[in-house]
Each structure stands twice: as C-alpha cells, then as structure tokens.
Amino acid sequence: MKLRIHVTLKPGVLDPQGKAIEHALSGLGFSGVEGARVGKLIELDVADTVTDDQVDAMCRRLLANTVIENYRIER
C-alpha cells in the first residue's frame with residue numbers, strides 16, 4: 001500500500017524558506033504572491049498489515065517534528 005504523508009509548519013511558525021520563495025518570485029516579476037509556506041511530502045510503500053496506529057507512530061517519532069509541524073496521512 002502506498003501512503004503519502006503531508007508535513008506542514010504549524011500556523012505562527014516562521015518559514016524562512018517560504019519567505020525566500022516569496023521574495024524570489026517577486027524578483028522574477030511575479031506579482032500578487034502574498035505569502036509562501038514550504039512543507040514536505042513523504043511517500044511510503046508499506047505492507048497491508050501496517051495499521052493506522054503504526055503509521056501515526058512513525059509520523060510522531062520520525063517523520064514530523066510535532067512541536068512545530070502538523071501532518072496528514074493519505075492512504
């Protein structure tokens with residue numbers, strides 16, 4: 001089974017990469033960009049026997065820093 005884990009910064013956490021993208025787009029002449037946030041997408045191939053609780057534990061222990069990041073799992 002293929003899983004996609006979407007990891008994003010929590011609201012209020014500074015995002016220097018997002019700010020750099022915002023400024024670079026402006027410098028390239030793209031107007032109207034009022035903000036940018038950078039996250040990550042992790043794709044996992046797992047056995048059908050892997051439970052939702054196990055995937056959640058993977059996210060909390062390794063894939064996301066739950067102090068500053070949120071995550072969403074797609075099966």
Side-chain angles (χ1 to χ4, degrees):
M1 178 184 320
K2 183 166 285 232
L3 301 176
R4 287 187 176 160
I5 317 297
H6 298 269
V7 182
T8 56
L9 289 171
K10 289 183 176 182
V13 175
L14 296 177
D15 185 358
Q17 267 186 303
K19 200 50 95 172
I21 289 170
E22 185 181 335
H23 288 291
L25 289 171
S26 177
L28 290 171
F30 295 100
S31 61
V33 177
E34 298 176 356
R37 304 280 286 174
V38 175
K40 55 189 169 187
L41 170 66
I42 302 164
E43 293 186 342
L44 299 175
D45 290 320
V46 299
D48 291 338
T49 57
V50 174
T51 67
D52 289 344
D53 288 340
Q54 288 174 311
V55 175
D56 193 56
M58 291 177 199
C59 292
R60 284 184 282 108
R61 294 181 64 191
L62 177 68
L63 302 177
N65 177 350
T66 57
V67 174
I68 62 169
E69 295 174 321
N70 293 319
Y71 62 90
R72 178 174 47 89
I73 301 165
E74 285 181 19
R75 284 195 173 266

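Keep in mind that this is a model prediction, so the values were computed, not measured.
Taken from CE in Met58 to OH in Tyr71, the straight-line distance is 11.5 Å, to the nearest 0.5 Å. Atom-to-atom distance recorded for Asn70:CG and Thr8:OG1 is 5.0 Å, nearest 0.5 angstrom. Distance check: Asp56 CG to Thr51 OG1 gives 9.5 Å after rounding to the nearest 0.5 Å. Going from atom CG of Leu9 over to atom CG of Asn65 covers 9.5 Å, rounded to the nearest 0.5 Å. Once rounded to the nearest 0.5 Å, the distance linking OG1 of Thr49 with CE of Met1 reads 8.5 Å. For the atom pair CD1 (Ile73) and CG (Asp52), the distance works out to 7.0 Å, reported to the nearest 0.5 Å.
Counting heavy-atom neighbours within 6.0 Å of Arg75 CZ, excluding the residue itself, gives a total above 12. No more than 12 heavy atoms of other residues, nucleotides or ligands sit less than 6.0 Å from atom NZ of Lys19. Counting heavy-atom neighbours within 6.0 Å of Leu41 CG, excluding the residue itself, gives a total above 12. Taking a 6.0 Å sphere around CD of Gln17, one finds it holds 12 or fewer heavy atoms contributed by other residues, nucleotides or ligands. Within 6.0 Å of CZ in Arg37 there are more than 12 heavy atoms belonging to other residues, nucleotides or ligands.
Both Val7 and Leu44 are assigned to one and the same hydrophobic cluster, defined by single-linkage of ILVMFWY side chains at heavy-atom distances under 4.5 Å. Under the 4.5 Å side-chain heavy-atom criterion for ILVMFWY residues, no single connected hydrophobic cluster contains both Leu14 and Ile21.
You'll find the side chain of Lys10 stays beyond 4.5 Å of the side chain of Glu69, heavy atoms only.
Summarising the geometry of Asp45 relative to Lys2, their closest heavy-atom pair is OD1-CE, 3.3 Å, with the distance given to 0.1 Å. Across Gly18 and Val38, no two heavy atoms sit closer than the pair N-CG2, 3.7 Å. For Val13 against Ile68, the heavy-atom pair with the smallest separation is CG2-O, 3.8 Å.
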Walk me through whether Ser26 and Val33 qualify under side-chain contact (heavy atoms from CB on, under 4.5 Å). CA-CA 7 Å; Ser26 177; Val33 177; over 6 Å; no

